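Heads up, the thing below is written out as structure tokens.
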Amino acid sequence: MEMTEEKEQITIRRETKADHARVEEITRQAFYNLYIPGCVEHYLVHIMRSHRDFVPELDLVLERGGQVIGNIMYTRASLTDRDGAEKQILTFGPVSILPGLQRRGYGKLLMEDSFARALALGYEAIVIFGSPANYVGRGFKSCRKYRVCAEDGSYPAAMLVKELRPGALEGKDWVYRDSPVMKIEEQEAQRFDDGLEKMEKKQQPSQEEFYILSHSVIR
């Protein structure tokens, strides 16, 4: 995908090995102190690429004026119905835009481009965990509306679902399971972060907002 904005070319393409360090740094800058003091998302990016559930066709970067300023990455996940039948779906994250260039529509461009690619690959649905304010405009709805619950039977407020093919989830109750790669070892993540240029860990209000949202359920 290519387009021109503010006289600078915007390109969305597959990530290459040469992009790895840049993508991890963008992810680190985008998430540092957002949800916790520090972050683990850049470590997740680092280990995700070699995991069996990683979807390389949906590992995308956005270039602005020839410089990578954002990325999105997907892994396979699953939904299981009451009869035990499993449907392979997707989850994405992290999706990152370089601080200073956020809230300009670049994340929207990345997501919409990736949705079209995911549908072309045959995937019918995406489940993510995130703030509804950031994703309902991209077609995501509460998991409760699609009868998709977590493994403990709850309907987390932050669990959002998008049907890539309308009606793909109709008529069934589903249990969501994400990839094991999402279960990050915090000590390993900290060790990885310690090997990078030091950034100051801080407490900030967004962390409490995240705590409240991530512990809320819909009844």
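All figures in this text were calculated on a predicted structure; none of them were measured in a lab. The chain is numbered in sequence order, starting from 1. Scope of the values below: all heavy atoms of this structure, side chains included, with no hydrogens, waters or symmetry mates.
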**OP:** I would like to know whether Trp174 and Leu169 meet side-chain contact (heavy atoms from CB on, under 4.5 Å); could you show each step before the answer?
**Re:** CA-CA 8 Å; Trp174 303 95; Leu169 304 181; 3.7 Å; yes
Original post:
Stepwise, does the side-chain contact (heavy atoms from CB on, under 4.5 Å) test hold for Val148 with Tyr176?
Top reply: CA-CA 6 Å; Val148 175; Tyr176 172 72; 3.9 Å; yes
Subject >> Stepwise salt bridge (Lys or Arg N to Asp or Glu O under 4.0 Å) check, Glu57 with Arg117 >> reply: CA-CA 8 Å; Glu57 296 89 345; Arg117 295 180 191 230; over 6 Å; no
**OP:** Starting from the C-alpha separation in whole Å, work towards a yes-or-no answer on side-chain hydrogen bond (donor to acceptor under 3.5 Å, both in side chains) for Tyr106 and Arg64.
**Re:** CA-CA 9 Å; Tyr106 298 128; Arg64 178 179 184 261; 2.7 Å; yes
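No side-chain donor-acceptor contact under 3.5 Å links Arg76 and Ser179. Gln29 and Glu25 are linked by a side-chain donor-acceptor pair at a separation below 3.5 angstrom, with hydrogens and angles left out of the test.
For the atom pair OH (Tyr74) and CD1 (Ile89), the distance works out to 11.5 Å, reported to the nearest 0.5 Å. Atom-to-atom distance recorded for Leu60:CG and Met111:CE is 12.5 Å, nearest 0.5 angstrom. Once rounded to the nearest 0.5 Å, the distance linking CG of Leu44 with CZ of Phe192 reads 10.5 Å.
With hydrogens and angles ignored, the 3.5 Å screen pairs no side-chain donor or acceptor of Lys162 with any backbone N or O of Lys141. Between the side chain of Asp152 and the main chain of Ser154, a donor-acceptor pair closer than 3.5 Å is present.
By the 4.0 Å N-to-carboxylate-O rule, Asp113 lies too far from Lys108 to be salt-bridged with it. We find that Glu185 and Arg191 are not joined by a salt bridge, their nearest charged nitrogen and carboxylate oxygen being 4.0 Å or further apart. Ionic pairing of Arg28 and Asp193 is present here: one or more N-O contacts between side-chain nitrogen and carboxylate oxygen are shorter than 4.0 angstrom. Glu86 has no carboxylate O lying under 4.0 Å from a charged side-chain N of Arg177, or vice versa, which leaves the two without a salt bridge. Salt bridge Lys87/Glu124: present, at least one basic N to carboxylate O contact under 4.0 Å.
For Arg144 and Tyr155, the positive end sits near the middle of the six-membered ring, less than 6.0 Å away and at most 45° from its axis.
Side-chain rings of Phe31 and His42 stay apart, their centers remaining 6.0 Å or farther from each other.
In this structure, Glu188 places its CD atom where more than 12 heavy-atom neighbours from other residues, nucleotides or ligands lie under 6.0 Å away. Around NZ of Lys183, the count of heavy atoms belonging to other residues, nucleotides or ligands within 6.0 Å exceeds 12.
Ring planes of Phe115 and Phe92: tilted class, angle from 30 to 60°.
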